[in-house]
Enquirer: 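One structure, as structure tokens, below. Some questions next.
Protein chains get the first letters and strands the later ones, always in sequence-line order, with residue 1 at the start of each. In this text, all values refer to a predicted model and were calculated from it rather than measured experimentally.
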Amino acid sequence: MPELPEVETSRRGIEPYILNQQVIDVVVRQKKLRWPIPARLKSELIKQKILAVGRRGKYLLLETGIGTVLIHLGMSGSLRIVDKGTAPEKHDHIDIAFNNNKVLRLRDPRRFGSVLWTRKDPAQHKLLSQLGPEPLSDEFNADYLYQQSRSRKVAIKLFIMNSQVVVGVGNIYANEALFMAGINPKRQASRISYQRYQILVACIKEVLQLAIQQGGTSLQDFTQQDGKPGYFQQILKVYGKTNQPCLICHQPIRQLRQQQRSTFYCSQCQS
DNA sequence: ACTTCGACCTGTTGGC
DNA sequence: TGCCAACAGGTCGAAG
């Protein structure tokens with residue numbers, strides 16, 4: 001579920017309820033996620049105040065005075081705010097309870113997500129230190145991406161989904177950005193001109209920004225049980241549209257597999 | 001240094 | 001209707 005726009009929407013959704021609040025309890029029902037939830041988390045996090053709710057790529061960062069909670073939602077994770085005493089449901093793996101009677105609750109059926117704890121500068125954490133620039137930052141520009149692409153034979157779609165190249169471009173938005181840029185997802189990264197990288201960078205930024213906007217407007221009710229409307233469905237032009245007519249040229253959208261992930265594109269509009 | 005592939009999980013869907 | 005294979009929005013680390 002979560003790509004960067006959903007993670008950012010989650011960040012904005014939970015922030016008002018937990019910023020400057022003190023942790024009074026941590027309840028772990030299932031510690032086996034992508035990585036085990038550290039045993040130290042509860043004892044060290046308890047009594048700490050959340051000083052910032054940040055994001056790096058698809059990681060959420062809950063910063064305290066002594067360390068940072070790293071949360072990744074994997075493929076199926078979601079966060080919600082519930083009142084203290086609300087009964088957990090299936091796959092509700094961890095609660096972080098605050099002194100304002102609110103509880104931050106992670107649900108993750110597939111358990112590809114993670115909840116970690118670091119006392120260092122989170123940027124130095126193993127999982128964050130190798131990450132590429134944020135897609136919406138100035139650091140992510142055509143000069144950078146073009147430089148990175150020299151001598152890279154991988155298909156452009158896989159290239160932009162590589163988190164060491166740029167963070168936050170998942171399967172949906174990689175497909176959408178390449179459609180918007182008119183670039184064939186199978187094209188080798190090294191065989192794309194600087195000019196086309198200028199377009200691609202702009203399209204990646206636009207597609208992500210638009211999705212964040214959509215999420216922000218339709219997801220004000222973060223405390224509700226069903227925190228995931230299909231808001232991004234409406235802006236998708238190729239993802240999941242196999243055999244449907246291209247919005248530009250009416251050719252059927254094609255589907256193929258790249259690295260075990262589905263790719264959707266228009267063979268006429270994208271070269 | 002770069003690329004590919006298996007692995008981790010459960011829930012849903014589509015074809016027979 | 002039921003069954004089962006295929007697939008789902010991520011990404012790490014080992015193997016090639």
Enquirer: If you check the A:Lys90 side chain, which of C:dG13, B:dT3, B:dG11 turns out closest?
Expert: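 Output: B:dG11.
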
Enquirer: For the base of B:dC9, is there a side-chain donor-acceptor partner from A:Arg110 under 3.5 Å away?
Expert: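 By the distance-only test, yes, there is a pair.
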
Enquirer: Between A:Lys42 and A:Asp25, does at least one N-O distance fall below 4.0 Å, as a salt bridge requires?
Expert: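 A salt bridge is present here (some side-chain N lies under 4.0 Å from a carboxylate O).
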
Enquirer: Using whole Å, report how far CG of A:Leu127 lies from C1' of C:dT11.
Expert: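 So the two atoms are 9 Å apart, to the nearest Å.
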
Enquirer: What's the CG-C1' distance between A:Leu33 and C:dC12, to the nearest Å?
Expert: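 After rounding, the gap between these two atoms is 15 Å.
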
Enquirer: Under the 3.5 angstrom rule, does the side chain of A:Gln255 hit a backbone N or O of A:Thr263 as a donor-acceptor pair?
Expert: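 Flag not set: sc A:Gln255 to bb A:Thr263 has no pair under 3.5 Å.
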
Enquirer: Where the side chain of A:Gln260 is defined as all heavy atoms beyond and including C-beta, which of B:dC5, C:dC12, C:dC7 is the nearest nucleotide?
Expert: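 Side chain of A:Gln260 sits closest to B:dC5.
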
Enquirer: To the nearest angstrom, how far is A:Arg257 atom CZ from C:dA5 atom P?
Expert: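 Roughly 17 Å, once rounded to whole Å.
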
Enquirer: Select from A:Arg150 and A:Gln259 the residue whose nearest nucleotide in DNA chain B is closer to the 5' end of that strand.
Expert: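 Per heavy-atom nearest nucleotide, the more 5' residue is A:Arg150.
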
Enquirer: Would you kindly compare A:Lys126 and A:Ser262 by the position of their nearest DNA chain C nucleotide and give the one closer to the 5′ end?
Expert: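 Comparing both residues, the 5'-ward one is A:Ser262.
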
Enquirer: Check this one for me: any side-chain N or O of A:Arg152 less than 4.0 Å away from OP1 or OP2 of B:dT3?
Expert: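 Checking B:dT3 against A:Arg152, a side-chain N or O does come within under 4.0 Å of OP1 or OP2.
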
Enquirer: On DNA chain B, does the nearest nucleotide to A:Arg34 precede the nearest nucleotide to A:His91 from the 5' side, or the other way round? Give the residue.
Expert: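 In this pair, the answer is A:Arg34.
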
Enquirer: Would you say a side-chain N or O of A:Lys58 is under 4.0 Å from OP1 or OP2 of C:dG10?
Expert: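 The answer is yes; a side-chain N or O of A:Lys58 sits under 4.0 Å from OP1 or OP2.
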
Enquirer: A:Ser76 side chain to A:Arg110 main-chain N or O, any donor-acceptor pair under 3.5 Å?
Expert: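 Looks like yes, one N/O pair under 3.5 Å.
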
Enquirer: Determine whether the aromatic ring of A:Phe112 stacks with the base of B:dC8, defined as ring centroids separated by less than 5.5 Å and ring planes inclined by less than 30°.
Expert: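 A stacking contact exists, since A:Phe112 sits close and nearly parallel to the base ring of B:dC8.
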
Enquirer: Using a cut-off of strictly less than 4.0 Å, decide whether A:Tyr59 has a side-chain nitrogen or oxygen near OP1 or OP2 of C:dC12.
Expert: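 A:Tyr59 to C:dC12 OP1/OP2: side-chain N or O found under 4.0 Å.
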
Enquirer: Keeping the roles fixed (side chain from A:Gln48, backbone from A:Gly67), state whether a donor-acceptor pair exists under 3.5 Å.
Expert: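 The answer is no, because no donor-acceptor pair under 3.5 Å joins these two groups.
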
Enquirer: Within the pair A:Lys153 and B:dT3, is there a side-chain N or O less than 4.0 Å away from OP1 or OP2?
Expert: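 No, because none of the side-chain N or O atoms of A:Lys153 sits under 4.0 Å from OP1 or OP2 of B:dT3.
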
Enquirer: Output yes when A:Glu15 and A:Arg12 qualify as a salt bridge under the 4.0 Å nitrogen-oxygen rule, no when they do not.
Expert: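 No salt bridge links A:Glu15 with A:Arg12.
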
